[in-house]
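Comments concern the structure below.
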Amino acid sequence: MVKFVGKINTAVFISGRGSNLKNLIKFSEKKISPIKIILVVTNNKNAKGLNFAKNKKIPFLINNFKNKTLSENKTIKRIKKNKIELICLAGFMKILTSNFIKKYKHPILNIHPSLLPKYKGLNTHQRVINNNEQFTGSTVHLVNSKLDSGKIILQRKIKILKNDNPKTLEKKILKLEHKLYPDAILKLLANF
Ligand code: GRF
């Protein structure tokens, strides 16, 4: 088994429901987990997922990202202050600028509900169904300055069944993601 020296200070960025955040918090509490979630960042003050941070008394930062430069600068400042060495985007609906990515010297991960490089962007489930795909899935990748395009860390797929629709796919993929994201973090950090 891989041994980690201490846990890595981690921030999770969310915009809405936060089921991946909830699951990452659960994962971070396990002994084998290499991460410690010490900050949640959101652009949406009404994000449901903030409740998971509140319940666990994890500090959170709300920046609306309307003025991107200002919000990113405030976020970077806090992230540096908290010595955060891993950022996990989990349903974060804002695109980070290349300036942010350049300034932040540690890995930024994102989870995207498709088999990248296919179906970057939004409405993936509807698009895979429209295209009669046989498989779909989810991907954890490093974030670079192009949307959903950084190096793939881990990906898992499921078969699309005849009676699947965007709702059923979303449900199945979320379930898969709750295992995929922790596994991807373990894989990424094992190589450091
Ligand atoms: C997930 O499907 C993730 O892949 C995508 O946004 C969704 C977020 O869900 N980027 P949740 O907010 O974690 O429940």
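Order of appearance sets the numbers: ligands from 1, and atoms from 1 within every ligand. Residue numbers start at 1 and run along the sequence shown. The shown structure was predicted, so the numbers you read here are calculated from the model rather than taken from an experiment.
Within the structure, salt bridge (charged side-chain N to carboxylate O under 4.0 Å, His left out) pairs that include any residue of residues 139-156 comprise Arg156-Asp183 (at least two apart or interchain). Within the structure, salt bridge (charged side-chain N to carboxylate O under 4.0 Å, His left out) contacts touching residues 77-91 (residues at least two apart or in different chains) do not occur. Within the structure, the salt bridge (charged side-chain N to carboxylate O under 4.0 Å, His left out) test picks out the following pairs touching residues 45-62 (sequence neighbours left out): Glu29-Lys56.
The 4.0 Å heavy-atom shell around ligand 1 contains residues Arg17, Gly18, Ser19, Asn20, Gly91, Ile111, His112, Pro113, Leu174, Glu177, ordered by chain and number.
A distance-only check finds no donor-acceptor pair linking the side chain of Asn131 to the backbone of Glu133 [under 3.5 Å].
The pair Glu170-Arg17 meets the salt-bridge criterion, with a side-chain N (NZ, NE, NH1 or NH2) lying under 4.0 Å from an Asp/Glu carboxylate O.
For the side chain to side chain donor-acceptor pair (under 3.5 Å) test with Ser15, the passing option among Asn43, Asn46, Thr42 is Asn43; the others fail.
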